[in-house]
Amino acid sequence: MDIVCKLNEIEKKYGSEHVLGPVSVCFERGTVTGIYGSNGAGKSTLLSIAAGIIPPDSGSRWTSGGRICYVPQELALYPSLSGRDNLAFWAGVYGLERKLRKSRIESVLELVELSDKADRPVETLSGGMKRRLNIAAALLAPSEFLLMDEPTAGCDAHSIDVILSTIAHAADNFCSVVFVSHSSDELRICSRMIRLENGLIVQE
Amino acid sequence: MRSFFACVMKDVRLFFSRKAAVLVLVLPILLLAVLIPGFGETTSARTYVRPFSFVICDLDDSVMSRSLINQLRDFELFDQIASVREPGDSSEWFDRGYAAYATIPKGFFYAMYDMENLPVTIELNPGMPAESAILETVFRSVTDIVSAEQQARLAEFRLRSAEGFETDINEFYYESANYELQRALSRRNVFSDFRLVEDYTENSLKAAYATVTAMLCMLIPLCVLRGLPEELSLGIVDRLKCSGKGIYTLIISKYIAALILFALPFAAVSAAVRIRMPLTSYLSAIMLFTLSFSLFGAISISTPDSSRAQLTGNMLVILSLLFGGALYPYQMLPGIAQKTAYAFPVFHYLRGMNGADAGIWILSAEAAVLTAFFLYICRNPLKAGSRQKAGRTSAGEKNAGASLKSGRSDILSMTWHKTLAMTGNRKMLILMLAVCLLCYSAADRILDEKASSEIVVAVADEDGSEISEEYIGALAKADGVTVLRTGRKDAMQSLERGKAESVLLIGEGFEKAFLSDEALPIEYRSASAGVASDAGREICAGLLLSLQSGYDAISRLVSEGVIAETEKELFFDHLEEVAADARPIVVFSRASGGPSLEQTVFGRIYARYSGFAALIIFLFMLSLSVLLSGLPARAVRKAMGAVPRGYALFVLTDHLALVLAGLMMAAAAVLFRTRLNARELLAYFLYINCVSGICLLISLTRAGGGSDMTAAFLAMVTSTVGGCFFDLSALGRFYSILSYFTPQGLLIGAVSGSGFCLAVMAAVTAVCFAVYYASGKHGERA
């Protein structure tokens, strides 16, 4: 069993509001884990803690040390810049070698089927295209742990298909993918599903 | 009607939903308060000096010295003249706000009687450069007159002796000394007519009012229309259409909401100034408001997002204020800018404010055309996402992931893309830099150090006599004066257009009056009541009296038969000898540590080019920083949180992106001032970092999302308080100290050589950056 991230008895509070935990969970390489549950169940908090964006109040987090990519629910894209410029920005963030940058950008654009739209400002793209581009940014660098918060929110059927195939592609490349979704249909590609309610894992 | 009212209320609520909006309503009052102390007069003149005090240490303690001190007390520029009889420490007086410490040496008047001058020493306060400069000009004028009279008398005495005419030496000295002082003190009455030419900038209150209201007329519509691109993309218009309304309902309701919001600060500002304005001024305000609404509406409707619409609006506002004659008076604008000023509505607004009928009509016509255009393009508004452009199809490479290597984050690339995102895109960045260049080029001409080091006097000589020619020749040779010879009408025109600071009108019969000691038909006109006016008058009067001393001596010699009418050259030969041996009557010195000044009052200290550059950089950096508070920035921060050192990189590149934009703007400014030394360049660099730090802090506040809305007002307030428009030392120590609480004041201080200001800017940057880093880290709920 090749574990990329292990959360042990983690808990999180926002002020006096207890939003998560105690929760213990492991994520393995090459698997797709789907997290679902009602609004306010603590899904995004769990994802953020797993990504290392926010620290837990108690409990421990262990990762294998490889690259972690996080795709927030909001679009981490600058609307006025073109898709290609946004990807160039993220390539800079991930420290991709300059000579490889262009080819890698083209590659992920092709993966999310946006090659012909990449020179348009992001603000002129449809909601589904923006989501796909948002994911493409996370795929620029090889990562072993990919976390996505509702990656298909507001997407049409085609975009959802593209995103799900992208997720499967990432898992095929020995990446552990964790994503939050409200749709049982989308969760069909998952090798494992976790249901959260009131900050606790109620079904796995 | 109910739905229309709901639309109006929605816009008012939208406006107040942004915390920065409250500042937009409050800042105009604050701006007016900081502009009034000197904006109008200081911008029409090089600077404005209030009555100031100085100390005289009267070691001579004679009847004559006491009489001189009393006469100086009548001088309108001097507030208090403290007289002491024991030498003291000048720095103590300087700390108390005295501009100079003059010492009349023991035996001064006795020596003057003997024509063996013991010079008065005047130590000037380095902390009060403007006052020091005018004091020096006044004293030089007085002593030049005394010296000229003294030399003429001595030359006369020697000529008499050489020609065998006996004169009682004591009587001669006594008569000379009395006459010298009389002549010096009469120089204020030389001109038969001394007048300030009226223009709208002359009244500081009116000028400040005009500037603030012009900004209100432009910025309130801009702020109300700010959300239009987002509203259009949300499909508001479609919903209105379903309910039987349309885009015009939305636009008209916005106009009414903007008008309501405009009325509040406009009424407050009008009440604060308490000046009675002509009816046309209020009509001009409505016209400028309507015109601005249409212009910014057209921009908003053609722009996909509000921050870009606001940035474009801010560019237009600064261009309008500068080229319309609101920041610097029309008279000071360079020739080509004076011609283009007519194209700017603000120019006509200012004329309308002054009661000019032409201003209101042109403004109305412009407003009508723009409104028609705006309403026309409203029929087909641009929605975000609706603009489809053929994208470039790229074949791309398949799966390069296997060989992919990644290392340390590329900060340069991230910074560059963030800068692009802040401006919107490459075109907007280029446009912003072009606007900066345009503004700098105009400011460079307006605040030209070379031009500002001399006073330009337009001289119209209607006498055309030998003596008038000699006078004009002497004036042309004088330090700090450039003579522009022209006719009466052209002279007045050059004064009105700012090509000359003053006009000297030499009327017919000048020579006759000059030789017969009658009142001279000579008039002096000045553009404004500032230092330039006073000092120019001193120089012109001083030279005339100096010339008169020589001719009076010749007249006496001829009338007494010492020389014949044709033997004037004999006198001039003696005068030349005397002048070569003459000792100075006054010696000036400056305590170290202050800014260096040139000999005249029109020194480079008043050229605030660095201040203007500071204003532009502050305005645009604050406008750009709105991106830091936006949703995309927050999402990027979240996503970067998963990258090693991602948060630190995020914070660092936020700062660097702003600094990069600032550096590009500073580079554009430096193009016009290529001779900057290393310290000045360091000052600009630290200033940009300091402003960036402040922008980061503002982005943390609830007003951060509207920083671009308040940018123009904030930039104007801080620039005025920071001393970008005039020398604050002229307004007193309080204002000088206050200026150091603004980044602009720190930049000006640093450019003037203050290491303290450099250190403060560096410290502010460090503190702001640290606070920004600390407050954002883990601060956001997932």
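Residue numbers start from 1 in every chain, and the chains themselves are labelled A, B, ... in the order their sequence lines are given, proteins ahead of strands.
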Side chain, backbone, both or neither of A:I68 within contact of chain B (heavy atoms, under 4.5 Å)
both

Interchain contact, A:L75 with chain B, by part (heavy-atom threshold 4.5 Å):
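The answer is the backbone of A:L75.
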
SB check [X] [Y] (cutoff 4.0 Å):
{"X": "B:R226", "Y": "B:D708", "answer": "yes"}
{"X": "A:K130", "Y": "A:E74", "answer": "no"}
{"X": "A:D85", "Y": "B:R426", "answer": "yes"}

Out of B:G424, B:A633, B:G641, which one racks up the most heavy-atom pairs below 4.5 Å with chain A?
B:G424

Under a 4.5 Å cutoff for heavy-atom pairs, which residue among B:T423, B:L627, B:T653 has the most contacts with chain A?
B:L627

Cation-pi check, B:K418 onto B:F650 ring (under 6.0 Å, within 45° of axis)
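Yes, B:K418 and B:F650 form such a contact.
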
